[in-house]
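Notes follow the structure.
Keep in mind the model is a prediction, meaning the values are calculated, not measured. Values below: every heavy atom of this structure, side chains too, minus hydrogens, waters and symmetry copies. Within every chain, numbering begins at 1; the chains are lettered A, B, ... in the order of the sequence lines, protein sequences first and strands thereafter.
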Protein chains: 2
Amino acid sequence: MTDLTETLARGEKPLRAKALRAKPRGNGGARKRASLPEAKLLEFAELLFFAYRDFTRDPDAILKDFGFGRAHHRVLHFVNRHSGLRVADLLDILTITKQSLSRVLKQLIDKGYIVQQAGSSDRRERLLFPTAKGRALAERLSAPQSVRLAAALKAAGPGTEALLRRFLEAMVNAEERPKVSSIMAASPVPLKEGGKGGGS
Amino acid sequence: MTDLTETLARGEKPLRAKALRAKPRGNGGARKRASLPEAKLLEFAELLFFAYRDFTRDPDAILKDFGFGRAHHRVLHFVNRHSGLRVADLLDILTITKQSLSRVLKQLIDKGYIVQQAGSSDRRERLLFPTAKGRALAERLSAPQSVRLAAALKAAGPGTEALLRRFLEAMVNAEERPKVSSIMAASPVPLKEGGKGGGS
DNA sequence: TCGGTTATGTCAGCCATGTTGACTTATTTC
DNA sequence: GAAATAAGTCAACATGGCTGACATAACCGA
């Protein structure tokens, strides 16, 4: 009853679709040709919102069982995929402050999902590695997301992969692109097990 | 110096890319064929993270000048694009609680960006409309996002639009898809101006 | 070797935005 | 007229952003 689908699908409350004014809309006189019509672009913005909203749903639900939040997921994800990254790298990737990061990172370390190890060339650095436990959780969290992505890629049809990749890369700030490339090119291989946490 | 790009690009700290173990990785024995390799899917997950991270940057910066946050943007966006929707619709779209919504909605109303109007068929409903001021802000916030989207679509190449649309739709939870379609099909036309706020 | 810079960690405190549960009011619907 | 519904509200709490200041250890260049 309260369901929007119902509501709209039944045509009872068509979201006031009975347009009163049918003027061109938007930027009054400042026409902005040269790209897709504004309306179409905003549709993509909305779709992106809905897609991302649901993309995070499954892991969020799992995280609750562990007493973690989405912030923990992000940290664990990058540490798992790019083992051995430094705290500074993580700050840069997540674009959050040291304080924000340290809170969640500390919890992940305390609970045995991540271990630190001093850098060999520069012993000030604290390199981050997932433990076996950490890898297990990271995989559990990403599993539903992988399933969703695989299904969506398949649904969109062949050829989507390459285009989507280019699209997403182009969505990133230009100055950030080299960083992102470097990060993504970096080894997704877990290194030494830092002692506690057990080895795989 | 602290810059990750620098760091990585210069090859100084290649994120410990000196892989120690080169085993297939991931789900130890539980091979999950049938879709893309896990690693590739996780790359898309990362790209999606980076893309969304930057997608929200520009409006976030603008919002700060108005003393608003991302939550206000979301509300204003949907009210602007789908004028006349009900509070219940908004709760459903945003998937947040009444309390969370009411805080930001009240601020938007108090500051004259949104007006309410009792429904005509059901006077319990409070239909939401943007004021001229609200529309102006909504457009200002979405402008950089539209630019970004247009550029990314162009960069990805022809044919991206259709594939991306299908991809994003498929990323949404199956049960939610009819809702989303209904919402997106609904009139993006602002109706009556509720008195204060002035007409356009 | 010393002094400046860097990488990290930490303290204290603030703010935005999400949560729950209970309750009121107005209105519709049966 | 009673039950259900749409919305608003209160109180209280959790998460995860933020700032600024400061401590420590290690590196690096003069």
Margin query: Using a strict threshold of under 4.0 Å (side-chain N to carboxylate O), is an ion pair present between B:Arg81 and A:Glu46?
Written below: yes

Note to self: Can you tell me how far apart CZ (B:Arg140) and CG (B:Leu76) are? Round to the nearest 0.5 Å.
What the structure shows: 12.5 Å

Next item on the list: Identify, with sequence neighbours excluded, every residue that meets side chain to side chain donor-acceptor pair (under 3.5 Å) alongside B:Thr160.
Entry: none

Margin query: So, does A:Ser102 get its side chain near the phosphate of C:dG9, meaning an N or O under 4.0 Å from OP1 or OP2?
Written below: no

Checklist line | Residue pair A:Leu141 / A:Gln145: nearest heavy atoms and the distance that separates them | finding: O-CG, 4.0 Å

Notebook entry, point to check: Between B:Asn173 and A:Arg148, does any side-chain donor sit less than 3.5 Å from a side-chain acceptor?
Noted result: yes

Checklist line | Phosphate contact (C:dT17 OP1 or OP2) by B:Ser100 side-chain N/O below 4.0 Å | finding: no

Notebook entry, point to check: Under 3.5 Å, is there a donor-acceptor pair linking the side chains of A:Arg57 and B:Thr95?
Noted result: yes

Notebook entry, point to check: Tell me the ring-ring contact (aromatic ring centres under 6.0 Å, His included) pairs involving residues 84-123 of chain B, sequence neighbours left out?
Noted result: B:Phe68-B:Tyr113

Notebook entry, point to check: What's the spacing between A:Leu90 CG and A:Ser102 OG if we round to 0.5 Å?
Noted result: 11.5 Å

Check: Which nucleotide in the set D:dA6, C:dT8, C:dT19 lies at the smallest distance from any side-chain heavy atom of B:Arg86?
Finding: D:dA6

Notebook entry, point to check: In residues 63-74 of chain B, which residues come under 4.0 Å of DNA chain C by heavy atom?
Noted result: B:Gly69, B:Arg70, B:Ala71, B:His72, B:Arg74

Notebook entry, point to check: Taking the six-membered ring for Trp, are A:Phe49 and B:Phe78 ring centroids under 6.0 Å apart?
Noted result: yes

Next item on the list: Using a 4.0 Å heavy-atom cut-off, write out nucleotides 21-30 of chain D from 5' to 3' as B (base contacted by protein), S (sugar-phosphate only) or - (no contact).
Entry: -----BS---

Margin query: Just to be sure I follow the notation: if a pair is Watson-Crick (purine N1 to pyrimidine N3 plus N6-O4 or O6-N4) or a G-U wobble (N1-O2 and O6-N3), each under 3.5 Å, what dot-bracket string does DNA chain C give, with | for pairs to another strand?
Written below: ||||||||||||||||||||||||||||||

Scan nucleotides 11-14 of chain D against the protein and return all N/O pairs shorter than 3.5 Å with their distances rounded to 0.1 Å.
residue	atom	partner	partner atom	Å
D:dA11	N6	B:Gln99	NE2	2.9

Checklist line | Sidechain-backbone polar pair: A:Asp89 side chain, A:Arg86 backbone, donor-acceptor under 3.5 Å | finding: yes

